[in-house]
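The block underneath contains the structure these notes are about, expressed in structure tokens.
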Amino acid sequence: MKKKILVANRGEIAIRLIRAIQELDYEAIAVYETPDRHSRHLRAADEAVWIGDGPRKDYLDVEKIIGTALRSGAVAIHPGYGFLAENPDLARACENAGLIFIGPPCDVIENLGSKVMARQIMAEAGIAMVPGTQNLSAGDKGLKEALTFADQYGYPIMLKATSGGGGRGIRRIENAAELQEQYPIARSEAKAAFNDDSVYLEKVVLKPRHVEVQILADKSGNTVHLGTRDCSIQRRNQKLVEIAPAFQIGHELQEEICQTAVKAAKAAGYFNAGTVEFLLDSDDKYYFMEVNTRLQVEHTVTEMITGIDIVRSQINLAMGQDLDFTQDDVKIRGHAIEMRINAEDPQNNFMPEGGKTISVYRSPGGYGVRLDGFCYQGFTIPEAYDSLLVKLTVFGWSWKETVDRLRRCLTNYVITGPKTTIPFYLNLVEDEDFQKGVFDTSYLETHEHLFHYQEDNSEVNKLARLIAEIHYRGENRYAK
Ligand code: ADP
Ligand code: ADP
Ligand code: MG
């Protein structure tokens with residue numbers, strides 16, 4: 001009988017994990033909440049277990065996930081990203097239940113889950129970071145500490161939730177009045193979102209690039225990096241487009257950042273796959289930001305330029321194997337760009353388009369093109385979850401080839417029903433700065449013209465969509 005691995009996630013990443021699990025000759029067990037009952041991840045798995053009505057309740061229920069794994073005879077749990085991926089309780093519960101957690105040890109997750117603790121570990125290891133505070137004290141005392149720090153280092157400053165993630169819990173503060181106003185709000189929002197009201201301050205790096213390094217580490221202490229990624233193109237501190245290797249950064253600086261990431265991983269006692277994030281300023285100075293103790297959405301770009309299957313590696317490492325390659329074996333070639341195709345309206349502040357049904361879905365393919373998705377024609381996007389529909393990852397030998405290929409794919413992509421980020425990306429690939437590789441985290445704010453496009457509402461286009469809808473209606477296997 002094949003061994004089984006439970007996938008404690010949904011959407012595109014569940015399918016990504018299931019593929020690696022099945023390739024390694026394990027069986028994949030999917031779990032789902034009611035709003036996901038028509039999701040393709042259930043069909044991709046060998047077995048699917050309903051865990052409750054949710055939404056976002058049962059996917060987060062450690063006891064339920066562990067119970068389901070034990071009842072279905074799983075030997076391991078892969079948490080993917082989001083949900084329980086950075087919850088040390090799941091890692092700990094796995095340990096207690098005799099299950100393998102596919103990720104780092106629980107104490108590493110716990111230490112690095114606190115941005116303040118992570119900064120402390122890295123400071124002790126001599127890694128550079130922007131000035132910041134410890135966790136601010138409760139109440140007025142904390143506000144006083146914050147005002148003192150801001151006086152010393154000057155505005156703007158970043159007010160950050162210590163346990164924050166996914167771009168949430170970060171506020172840029174411009175002056176003392178704003179700090180006084182935002183401080184209590186930040187605390188209560190952090191409490192509500194992360195069940196921890198701790199906040200701290202960091203000096204702002206002006207117009208930085210977000211550069212991160214993918215790490216793989218085995219239990220025997222071998223730690224390798226898989227090069228850099230640039231994730232500067234963001235909205236609301238959340239990534240939209242990711243590039244590997246980070247473009248327009250000299251070889252020496254790349255190498256130095258990667259070595260620093262390896263040092264950071266070693267300082268934290270890291271094991272399995274992880275990402276060390278840095279901010280790079282215009283003087284080529286780089287500062288440690290945080291470690292994500294899990295698989296990242298954008299791992300696909302690294303897979304494209306290294307040829308290494310990161311999820312396969314994660315599973316093998318968790319099962320106790322050592323890395324079967326060294327740093328010298330890691331060869332980075334070409335360029336890869338990932339665009340997150342979200343059901344969102346870029347022209348309306350990237351408002352999610354959940355609840356809508358995909359009426360026509362036609363995806364591109366061909367050389368150097370990879371799609372990681374979970375939607376299909378006739379699929380109604382559940383409102384309860386994030387708006388990522390599919391990741392378009394493109395490889396090319398040169399930057400120009402990669403951008404050309406991306407433009408071709410975006411032009412060929414047809415998704416109707418919800419609004420998506422595709423027309424915005426079509427403008428992006430035409431943008432001169434993007435084509436030259438000149439961007440930082442303020443890119444969207446400084447490139448207003450990216451938002452200028454019109455839906456094609458011509459009669460011909462409407463008719464074409466209607467014909468496509470009628471034509472494909474019969475083919476949807478999962479209609480209600
Ligand atoms: P999260 O856990 O939500 O990913 P991060 O600490 O990684 O939070 O920060 C997310 C993003 O916020 C960064 O990629 C960057 O764009 C911005 N950011 C965070 N800290 C700073 C800072 N000190 N200066 C400038 N930008 C920052
Ligand atoms: P991938 O399947 O490689 O992850 P996509 O999500 O873009 O990439 O799917 C590829 C194509 O196959 C899409 O056009 C999608 O609609 C279609 N497809 C795949 N599986 C199903 C399914 N179970 N039901 C309906 N359409 C499907
Ligand atoms: Mg981050």
Side-chain angles (χ1 to χ4, degrees), residues 81-83 85-87 109-123 127-133 135 146 149-150 152-174 179 182 186 189-190 193-196 198-215 228-243 246 257 261 264 268 273-283 285-299 340 350 386 439-446:
Y81 58 69
F83 294 113
E86 289 175 286
N87 185 335
I109 301 178
E110 195 147 45
N111 287 340
L112 297 176
S114 153
K115 290 182 199 271
V116 169
M117 175 73 89
R119 281 170 57 90
Q120 197 170 315
I121 293 169
M122 299 313 157
I127 291 167
M129 63 194 66
V130 290
T133 64
N135 279 329
F149 175 86
Q152 188 181 348
Y153 290 99
Y155 293 89
I157 48 163
M158 278 301 191
L159 178 55
K160 288 173 116 171
T162 306
S163 299
R168 294 173 312 146
I170 299 179
R171 282 177 162 74
R172 192 181 143 127
I173 307 281
E174 303 295 334
L179 180 54
Q182 292 293 321
E189 279 188 13
F194 314 111
N195 198 27
D196 173 12
S198 313
V199 294
Y200 74 105
L201 294 181
E202 256 176 33
K203 194 172 153 57
V204 168
V205 181
L206 292 169
K207 292 183 174 278
R209 292 173 66 177
H210 173 118
V211 176
E212 60 182 35
V213 180
Q214 176 71 52
I215 293 292
T228 57
R229 295 188 284 253
D230 183 310
C231 313
S232 300
I233 299 179
Q234 307 179 345
R235 54 118 174 65
R236 295 194 282 270
N237 301 315
Q238 285 175 333
K239 302 161 187 169
L240 280 173
V241 176
E242 298 98 341
I243 295 156
I257 295 175
T275 298
V276 187
E277 295 188 335
F278 299 93
L279 290 173
L280 177 67
D281 72 11
S282 47
D283 295 328
K285 288 210 184 67
Y286 59 94
Y287 308 95
F288 168 81
M289 190 159 51
E290 65 162 345
V291 183
N292 291 318
T293 55
R294 56 171 165 85
L295 185 67
Q296 306 256 133
V297 178
E298 60 272 21
H299 72 278
R340 300 192 191 192
F350 293 92
D386 73 4
F439 36 77
D440 56 54
T441 59
S442 69
Y443 180 74
L444 260 57
E445 290 137 51
T446 50

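The residues of the chain are indexed from 1 along the displayed sequence. Order of listing sets the numbers, starting from 1, for every ligand and every atom in it.
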Item to check | Minimal non-hydrogen separation, L295 against Y81, with atom names | outcome: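 Nearest pair, atom of L295 first, then Y81: O-CB, 3.4 Å.
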
Item to check | Nearest atoms (heavy-atom pairs only) where T133 meets V116 | outcome: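 Heavy atoms of T133 and V116 come nearest at O-CG2, 4.5 Å.
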
Item to check | Minimum-distance atom from the Mg ion (ligand 3) among N, O or S atoms of E277 | outcome: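 Within E277, restricted to N, O or S, the Mg ion (ligand 3) is closest to atom OE1.
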
Checklist entry - Looking at the Mg ion (ligand 3), which N/O/S atom of E290 is the nearest one? => result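 Output for this pair reads OE2.
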
Item to check | Residues K160, E290: salt bridge by 4.0 Å N-O rule | outcome: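 Answer for the salt bridge query: no.
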
Next on the checklist: Between E202 and K115, does any side-chain N to carboxylate O distance fall below 4.0 Å?
Outcome noted: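 Answer for the salt bridge query: no.
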
Next on the checklist: Please determine whether E212 has a backbone or side-chain N, O or S atom lying under 2.8 Å from the Mg ion (ligand 3).
Outcome noted: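 Given the 2.8 Å cut-off, E212 does not count as a ligand of the Mg ion (ligand 3).
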
Checklist entry - How are the rings of Y443 and F439 set to each other: parallel, tilted or perpendicular (split at 30° and 60°)? => result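 Rings of Y443 and F439: perpendicular, as their planes differ by over 60°.
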
Checklist entry - T162 side chain to S198 main-chain N or O, any donor-acceptor pair under 3.5 Å? => result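 Yes.
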
Checklist entry - Within the distance-only criterion (no hydrogens, no angle test), does the side chain of R171 pair as donor or acceptor with the backbone N or O of L179 below 3.5 angstrom? => result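 No, because the side chain of R171 does not come within donor-acceptor range (under 3.5 Å) of the backbone of L179.
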
What short N/O contacts, under 3.5 Å, does ligand 1 make with the protein, listed by atom pair and distance?
| unit_1 | atom_1 | unit_2 | atom_2 | d |
| --- | --- | --- | --- | --- |
| ligand 1 | 2 (O) | K115 | NZ | 2.5 |
| ligand 1 | 2 (O) | E290 | OE1 | 3.3 |
| ligand 1 | 2 (O) | E290 | OE2 | 2.9 |
| ligand 1 | 3 (O) | G166 | N | 3.2 |
| ligand 1 | 3 (O) | G167 | N | 2.5 |
| ligand 1 | 4 (O) | E290 | OE2 | 3.0 |
| ligand 1 | 6 (O) | K115 | NZ | 3.1 |
| ligand 1 | 6 (O) | K160 | NZ | 2.9 |
| ligand 1 | 7 (O) | E277 | OE1 | 2.8 |
| ligand 1 | 7 (O) | E290 | OE2 | 2.7 |
| ligand 1 | 8 (O) | K115 | NZ | 3.1 |
| ligand 1 | 12 (O) | N237 | OD1 | 3.4 |
| ligand 1 | 14 (O) | H210 | ND1 | 2.8 |
| ligand 1 | 14 (O) | Q234 | NE2 | 2.8 |
| ligand 1 | 16 (O) | Q234 | OE1 | 2.7 |
| ligand 1 | 20 (N) | K160 | NZ | 2.9 |
| ligand 1 | 23 (N) | E202 | OE1 | 2.9 |
| ligand 1 | 23 (N) | K203 | O | 3.0 |
| ligand 1 | 24 (N) | V205 | N | 2.9 |

